[in-house]
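First the structure, in the form of structure tokens, and then the observations on it.
Lettering follows sequence order; numbering is per chain, from 1.
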There are 2 protein chains.
Amino acid sequence: MNGSRPAAGRTTRQRTEVIALLQEVNDFLTAQQLHGLLRERGAKVGLTTVYRTLQLLVDSGEVDATRLPDGEQLFRQCSRSRHHHHHLVCRMCGRTVEIEGPAMERWTEKVADQHGYTDVAHTLEIFGTCSACAR
Amino acid sequence: MNGSRPAAGRTTRQRTEVIALLQEVNDFLTAQQLHGLLRERGAKVGLTTVYRTLQLLVDSGEVDATRLPDGEQLFRQCSRSRHHHHHLVCRMCGRTVEIEGPAMERWTEKVADQHGYTDVAHTLEIFGTCSACAR
DNA sequence: CTGCGTGCAAATAGTTTGCAGTTCA
DNA sequence: TGAACTGCAAACTATTTGCACGCAG
């Protein structure tokens with residue numbers, strides 16, 4: 001229903017760096033944090049480029065994007081397995097756990113269907129305080 | 001764990017108008033749309049006040065807030081029954097259906113618990129195309 | 001070569017804040 | 001009366017866009 005795939009574009013130094021960092025961190029980061037980290041490690045990448053690259057990656061489905069309750073965007077390289085899942089995020093330290101819930105997935109579709117909605121999608125985020133922060 | 005309730009504040013003309021409109025519309029609106037509608041119907045309310053009132057209502061739990069995938073905030077007077085629920089939103093026309101899923105609620109808590117997360121909360125939105133828009 | 005990609009600065013858009021005047025209790 | 005509320009304009013923040021230059025293919 002959505003054959004997005006190519007969207008690769010050129011292989012530039014900055015794109016490589018952004019992607020590399022995303023793979024290393026393997027956690028949610030805002031575009032700004034990402035940009036900051038890149039500069040720290042010496043990579044000369046403009047904030048603009050970070051945004052543009054991220055946008056590209058999200059469009060091609062290589063990166064997941066969410067929003068903080070505060071509204072800022074968070075990016076993470078996780079759909080690498082192209083596998084749909086959700087996140088359990090610590091509201092204190094941000095530690096994230098990937099979770100799945102096939103039953104829940106089915107439930108959302110069933111509900112949407114019962115109300116006559118098609119082409120269903122959903123977003124689910126679970127927030128909590130992780131054991132380390134709770135202490 | 002959270003006995004929020006009072007937070008009423010003063011009863012002013014503008015607050016009354018905002019609340020009245022929210023009750024009438026009973027659907028998700030952005031602060032700006034709300035402001036626009038208020039002006040149309042002659043109510044003289046400043047955008048600033050709309051934002052401040054909405055913030056107040058959200059804090060006191062009288063109003064629900066979400067975000068468009070685009071990032072803007074949406075407000076709706078629905079937790080009136082103080083009952084936790086979610087929404088099934090048409091991505092075309094915005095038509096919204098309130099839904100519940102006790103089993104799903106329990107599931108999120110169980111998952112969070114298994115990972116040692118406490119003080120759990122979650123957000124879930126289901127997007128789809130309603131029957132009217134699908135035609 | 002030649003057009004996609006980059007980065008700076010300026011532009012947006014939504015939301016918040018400072019402050020003086022207004023109003024509810 | 002006097003603290004809470006209002007509204008305008010200015011401030012902010014995150015993100016986007018215009019444009020000239022540089023580099024991948």
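If you measure from atom CG of A:Leu47 to atom P of C:dG5, you get 18 Å, rounded to the nearest angstrom. One can place CG of B:Leu54 at 16 Å from C1' of D:dC5, the figure rounded to the nearest angstrom. Atom NE2 of B:His35 is separated from atom C1' of C:dG14 by 14 Å (rounded to the nearest Å). Whole-Å rounding puts the A:Ile19 CD1 to C:dG5 C1' distance at 14 Å. Rounded to an integer number of Å, the gap from CG of A:Asp70 to P of D:dA14 is 8 Å. Taking atom CZ of residue B:Arg67 and atom C1' of nucleotide C:dA13, one finds them 13 Å apart after rounding to whole Å. Here the P atom of nucleotide C:dT15 and the CG atom of B:Asp59 are 15 Å apart, to the nearest Å. Between the CD atom of B:Gln14 and the C1' atom of D:dT6 there is a distance of 6 Å, given to the nearest Å.
A sub-4.0 Å separation between OP1 or OP2 of D:dT6 and a side-chain N or O of B:Arg15 is present. Close to C:dG5, at under 4.0 Å from its OP1 or OP2, lies no side-chain N or O of A:Thr12. Contact check, A:Arg52 against D:dT16: no side-chain N or O comes under 4.0 Å of OP1 or OP2.
In this structure, B:Gln73 reaches the sugar-phosphate backbone alone: every heavy-atom distance under 4.0 Å involves primed, P, OP1 or OP2 atoms, never a base. Nucleic acid contact class of B:Thr30 (heavy atoms, under 4.0 Å, all strands): none.
Mapping A:Thr53 and B:Phe75 onto DNA chain C by nearest heavy atom places A:Thr53 closer to the 5' end of the strand. With DNA chain D read from its 5' end, the first of the two nearest nucleotides for B:Val50 and A:Leu74 is the one closest to B:Val50.
Side-chain atoms of A:Tyr117 and A:Glu109 form no donor-acceptor pair, as typed in the model, at a separation below 3.5 Å. Looking only at atom types and distance, the side chain of A:Glu105 has a donor-acceptor partner in the side chain of A:His122 under 3.5 Å away.
Of the candidate nucleotides D:dA3, D:dG7, D:dA24, D:dA24 has the atom nearest to the side chain of A:Arg10. Looking at the side chain of B:Arg13, the nearest of the listed nucleotides D:dG7, C:dA25, C:dT15 is D:dG7. Candidate nucleotides D:dC23, C:dA9, C:dT6 were compared by shortest atom distance to the side chain of A:Thr48, and C:dA9 ranks first. Distance from the side chain of A:Tyr51 is smallest for D:dT15 among the nucleotides C:dC24, D:dT6, D:dT15.
The heavy-atom pair separating A:Gln77 from A:Asn26 by the smallest distance is O-ND2, 3.6 Å.
From B:Thr123, atom OG1 reaches atom CD of B:Glu125 across 7.0 Å, with rounding to the nearest 0.5 Å.
Checked by atom type and distance alone, the side chain of A:His35 never pairs as donor or acceptor with a backbone atom of A:Gly46 at under 3.5 Å.
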